[in-house]
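To start, the structure under review is shown below, and the notes come after it.
Basis for what follows: all heavy atoms, side chains included, without hydrogens, waters or symmetry-related copies. Chain naming here is simple, since letters A, B, ... match the order of the sequence lines and numbering starts at 1 in each. Note that the structure is predicted; figures quoted are calculated from it, not measured.
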Amino acid sequence: MISSETTPRSRTRSLLARLEGPQTMGRGPAFWIAAAVAIAAAAAYPLTADAWTVGNAAYFLIWTFMAMGLGVVWGYAGALSFGQTAFFGLAGYAYGVITLNLGAAYGLTLVALVLAVAIGGLFALVIGYFMFYGRIQGVFIGIVTLSVTLVLETFMAQTAGPQWRIGEARLNGFNGMSGMPPLTLPWVGEDIALYPGPSLYYLLLGLVVICYLGLRIMLNSSFGNVLVAIRENPHRVGMLGYDVRLYQTLAFAIGGAFAALSGALYTAWGQYITPSSMGLTSAALPIIWVAVGGRRDITATLIGTIVVLAGFQSLTIYGSQYALVVMGALLLVTVLVAPQGLVVGAMTFLGRIFKKDKS
Amino acid sequence: MTDILRVQGLRKAFGGVVVANGIDFSLSTGAMHCLIGPNGAGKSSFFRLLLGEHAPDAGTIIFDGSDITNLRSFQRIRRGISVKFQVPGIFKALSVRQNLEVAFQDHLNGQSLNTKIHEMLDFTDLHAEETTPAGNLSHGQQQWLEIAMAVGVEPKLLLLDEPTAGMSPDETRKTGEMLHDLNARGITILAVEHDMAFVEQIARRVTVLHFGSIFVEGTIAEIIDHPGVQEIYLGTADV
């Protein structure tokens with residue numbers, strides 16, 4: 001007789017139960033109704049805006065994957081990575097190289113997307129292995145990861161010569177690669193090329209929802225419990241029989257794979273990738289998004305990233321350097337006023353009001 | 001009765017400071033044993049060597065019939081050693097329940113996580129604090145929570161480094177009762193302790209460490225009557 005504990009239905013129920021838990025803010029019907037309304041509003045957005053604006057909104061969604069990945073590594077596992085852009089850039093270049101060589105037919109851009117994410121994630125696994133098994137901790141993780149991304153940026157910037165090609169794909173040094181095809185879905189009659197616009201937006205929105213829910217399940221699982229415990233007291237975790245280095249390495253690889261997903265999608269979106277995507281400014285921005293929203297909660301990270309990105313772009317109209325100064329000031333204000341993040345602060349405040357109303 | 005722990009010729013030095021000077025020590029399965037000694041005798045270092053936090057310069061550690069000398073800490077815990085540190089090693093920002101979940105989730109043996117957590121909350125009298133952040137507990141409660149976490153990994157041998165440090169007399173007595181209860185469930189206990197009243201309450205046998213070596217071993221009465229032990233503590237023994 002099969003125990004009720006092991007039936008697929010009970011397994012699904014147990015997975016869905018993990019959508020809520022101590023590691024993620026938001027629970028109960030009110031939260032999920034609000035989430036459904038937010039998704040419905042996001043789905044309706046292309047009906048109210050022109051194609052360029054929708055393509056721009058798709059650009060915001062692209063970065064949320066890197067932010068959520070950094071949230072896992074930094075906010076949950078306690079390892080501040082300053083170099084998620086290394087995996088972003090590597091995957092962006094990988095997508096470009098693969099698609100320029102294979103073309104866009106037969107859904108090969110989707111294969112390229114998966115391979116690029118795998119390459120970025122694998123690179124993060126290797127870097128994570130050497131860091132965590134080499135007993136690098138604390139601020140030194142930030143230094144090592146920043147070094148990795150800056151080395152990659154410097155390397156890619158000197159690939160201008162004709163000898164720097166992989167098959168058909170020229171790396172093009174400082175100017176970067178361009179001309180790769182966008183994501184293209186195989187379809188009866190004619191393939192659908194997802195240029196920035198409503199179709200790409202819907203694909204990205206679907207991916208964001210899947211990744212967000214998947215991360216909620218992961219973070220409320222026993223794996224997520226251990227990550228949070230490592231952040232709080234890694235010594236004790238080791239003394240409970242867990243291989244702390246393994247968990248840190250896996251979390252870092254997951255964060256790297258999410259950054260890689262952003263990188264490959266970014267390349268597919270804009271059909272270009274340059275070494276500056278791995279530079280110092282690019283490396284610092286995800287830290288600001290995640291810190292401002294709230295690094296210790298995946299919902300806060302997601303909301304904070306979209307809001308800060310939209311704000312950053314609005315400010316860029318008046319000058320990109322001014323926008324960067326404002327971003328720096330925003331980080332300082334967050335650290336001083338709401339170290340847990342502005343969105344977390346707001347959500348906690350709202351939670352208290354609801355509780356008061358109920359009582 | 002078989003020995004659950006056998007240490008032979010264990011030696012560790014940090015430069016000129018020898019913290020373990022060829023320790024030979026054995027512990028029978030089911031024992032309640034205390035390690036005492038003045039500050040700097042090497043008690044905590046001995047625990048660190050048993051836990052794999054220090055690699056010994058020489059010697060072997062046999063636990064439950066296997067040589068664990070070269071195993072990493074987490075591997076030793078998985079073999080059945082567990083520890084409660086002197087300063088409570090808990091997750092202060094997490095709730096009491098979350099602390100227990102992390103400790104228990106990989107050691108359920110068919111039991112449900114909820115059942116095991118409630119069993120331990122009963123055992124440590126922390127039911128009312130289930131959702132309290134562990135850092136907000138009193139010092140004694142934090143010590144009990146860590147004992148619960150250490151027990152949650154289903155150890156054969158429980159190492160306790162000054163389990164009653166900072167506790168009130170009532171809390172100390174209650175801790176002693178908890179340890180007797182755990183020992184009755186089959187867990188061998190080895191504790192470092194300074195409070196001799198507590199040592200009397202829990203230990204059947206006592207080992208005195210001095211300058212990284214075993215000075216004497218015996219029952220609590222034998223240790224108290226030993227002419228050299230008081231001199232060690234008062235600093236007059238020529239050993």
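- Considering all non-hydrogen atoms of both residues, B/Val102 and A/Tyr242 come closest at O-OH, 2.6 Å.
- In this structure, A/Phe140 places its CZ atom where only 12 or fewer heavy-atom neighbours from other residues, nucleotides or ligands lie under 6.0 Å away.
- Only the side chain of B/Arg72 comes within contact range of chain A, with at least one heavy atom under 4.5 Å from a heavy atom of that chain.
- Here the closest heavy-atom approach between residue B/Ile77 and residue A/Leu240 is recorded as CG2-C, 3.6 Å.
- The contact between B/Val83 and chain A is made by backbone and side chain atoms together, counting heavy-atom distances below 4.5 Å.
- With a 4.5 angstrom heavy-atom cutoff, A/Val244 does not touch chain B via any of its atoms.
- Taking all atoms of both residues into account, the shortest heavy-atom contact from B/Ala93 to A/Glu232 is CB-OE1, 3.2 Å.
- In B/Phe14, the CZ atom is crowded: over 12 heavy atoms of neighbouring residues, nucleotides or ligands sit closer than 6.0 Å.
- For the set B/Asp106, B/Ile90, B/Val153, the entry with the most heavy-atom pairs within less than 4.5 Å of chain A is B/Asp106.
- The shortest heavy-atom contact between B/Lys84 and A/Arg236 is CA-NH1, 4.3 Å.
- The 12-atom threshold is not exceeded at CZ of B/Arg79, counting heavy atoms of other residues, nucleotides or ligands nearer than 6.0 Å.
- The two atoms that bring B/Gln105 and A/Ser222 nearest to each other are NE2-O, 2.9 Å, heavy atoms only.
- Close approach to chain A, defined as a heavy atom under 4.5 Å from one of its heavy atoms, is seen in B/Leu51, B/Glu53 of residues 46-57 of chain B, taken by number.
- Here the straight-line distance linking atom CZ of B/Phe91 with atom CG of A/Asn225 works out to 10.0 Å at 0.5 Å rounding.
- Within the 4.5 angstrom heavy-atom criterion, no atom of B/Asn99 approaches chain A.
- Around CZ of B/Arg185, the count of heavy atoms belonging to other residues, nucleotides or ligands within 6.0 Å exceeds 12.
- Here CE of A/Met239 is found 11.0 Å from CD of B/Glu146. Values are rounded to the nearest 0.5 Å.
- For A/Tyr129, the OH atom sits in a loose shell: 12 or fewer heavy atoms of surrounding residues, nucleotides or ligands are nearer than 6.0 Å.
- Interface residue A/Arg245: only side-chain heavy atoms are found under 4.5 Å from chain B.
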